[in-house]
Amino acid sequence: MRVLLTGRNGQVGWDLERLLDEVVATDRGVLDLSDEASIRKTVREAKPQVVINAAAYTAVDKAESEKDLALRVNGAAPGILAEEAKRLGALLIHYSTDYVFDGEKKTAYVEDDPTNPLSVYGASKLEGERRILASGCRHLILRTSWVYAARGKNFYLTMKARRGQPLRVIDDQRGVPTSSRFLAENTVLLINKNVEGVLHLVPSGATTWYGFARAILGEQADITPIRSSEYKTAARRPANSVLDNRKAQALLGKPLPDWRAVFAAVG
Ligand SMILES: NC(=O)c1ccc[n+]([C@@H]2O[C@H](COP(=O)([O-])OP(=O)(O)OC[C@H]3O[C@@H](n4cnc5c(N)ncnc54)[C@H](OP(=O)(O)O)[C@@H]3O)[C@@H](O)[C@H]2O)c1
């Protein structure tokens, strides 16, 4: 199976490249998602059977002041990849986000719950989903959340770097921490099972950023739980963005482990 991968230096792209056998792995120097010609040329040259789009504009707060770029990379580019995948009869695998939801639901979000993003980033990712669906290409859209890895830029590494310092961490946003390794491994399993559609791919269980910080730094660390209103950010985030992974478990034919077990394997 010939795979074209975008975002090879990102958290998920990095793990995917190492799990795939026959892969053309690209960074933005080769395939720039803000440049339509670069996308079309690279896909046509590689002639993949599967395109995995692991690249994205992921700076959630910065996106509020860079709306055009976020929309080009997260909204328009997936649509162009989808058109090219359709020409080839290839499967497009694309990652989306829990931030397509507004967080008002009291329980975990299932795949066909109504979307209503609160941020430019969330809206740009939702636009990417819409363009892929509108293209009619074979697709697997994997919504995930709170991605971390032992490399890259993420909450886990930010907390580790502040070990020993007093910290204030938000305790009124719930979600599911997800390691890039978990995502990459289960993406490969889903490809092998020929799964298509929209799927929530996260470990089981849920926590808050405060709970995640406790798991990272331990019970002895000096961490004060705070409310979102006490920590101003440019982008609004949903209070509840827990994704329900039961459809993924059914299609994978296995239970997905609790986020703490997944974290134990990384941290
Ligand atoms: N991180 C999260 O918490 C989170 C949560 C939910 C969903 N997701 C989704 O999961 C997927 C993977 O996220 P991740 O955490 O692995 O992201 P990441 O670590 O931030 O990596 C994103 C990658 O995209 C590349 N990129 C950015 N702009 C580009 C452009 N114009 N052209 C080509 N490449 C470009 C970056 O390249 P450079 O290295 O050159 O900057 C980087 O390698 C994304 O679709 C993201 O939206 C992530």
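Since the structure is predicted, the reported quantities are computational estimates derived from the model, not experimental observations. Numbers here are sequence positions counted from 1. Each ligand, and each atom within it, is numbered from 1 in the order the structure gives.
Protein neighbours of ligand 1 below 4.0 Å, counting non-hydrogen atoms: Asn9, Gly10, Gln11, Val12, Arg28, Leu31, Asp32, Leu33, Ser34, Ala54, Ala55, Ala56, Thr58, Val73, Tyr95, Ser96, Thr97, Tyr121, Lys125, Thr144, Ser145, Trp146, Val147.
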Tell me which donor-acceptor pairs under 3.5 Å the side chains of residues 247-255 have, and how far apart each pair is, sequence neighbours excluded?
residue	atom	partner	partner atom	Å
Lys247	NZ	Val198	O	2.9
Gln249	OE1	Leu256	N	3.0
Gln249	NE2	Asn245	OD1	2.7
Lys254	NZ	Asn186	OD1	2.9

Let me check something: any side-chain donor-acceptor pairs from residues 221-232 under 3.5 Å, sequence neighbours excluded? List them with distances.
residue	atom	partner	partner atom	Å
Ser228	OG	Asp172	OD1	2.6
Ser228	OG	Gln173	NE2	3.1
Glu230	OE2	Arg227	N	2.9

Got a list of side-chain donor-acceptor pairs under 3.5 Å for residues 19-30, not counting sequence neighbours?
residue	atom	partner	partner atom	Å
Thr26	OG1	Leu5	O	2.7
Asp27	OD1	Gly29	N	3.0
Asp27	OD1	Val30	N	3.3

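A salt bridge does not link Lys86 to Glu83: none of the charged nitrogens lies less than 4.0 Å from a carboxylate oxygen.
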**Asked** Arg143 and Asp98: salt bridge (Lys or Arg N to Asp or Glu O under 4.0 Å), yes or no, with the steps?
**Response** CA-CA 6 Å; Arg143 291 197 190 121; Asp98 53 336; over 6 Å; no

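Side-chain rings of Trp146 and Phe155 stay apart, their centers remaining 6.0 Å or farther from each other.
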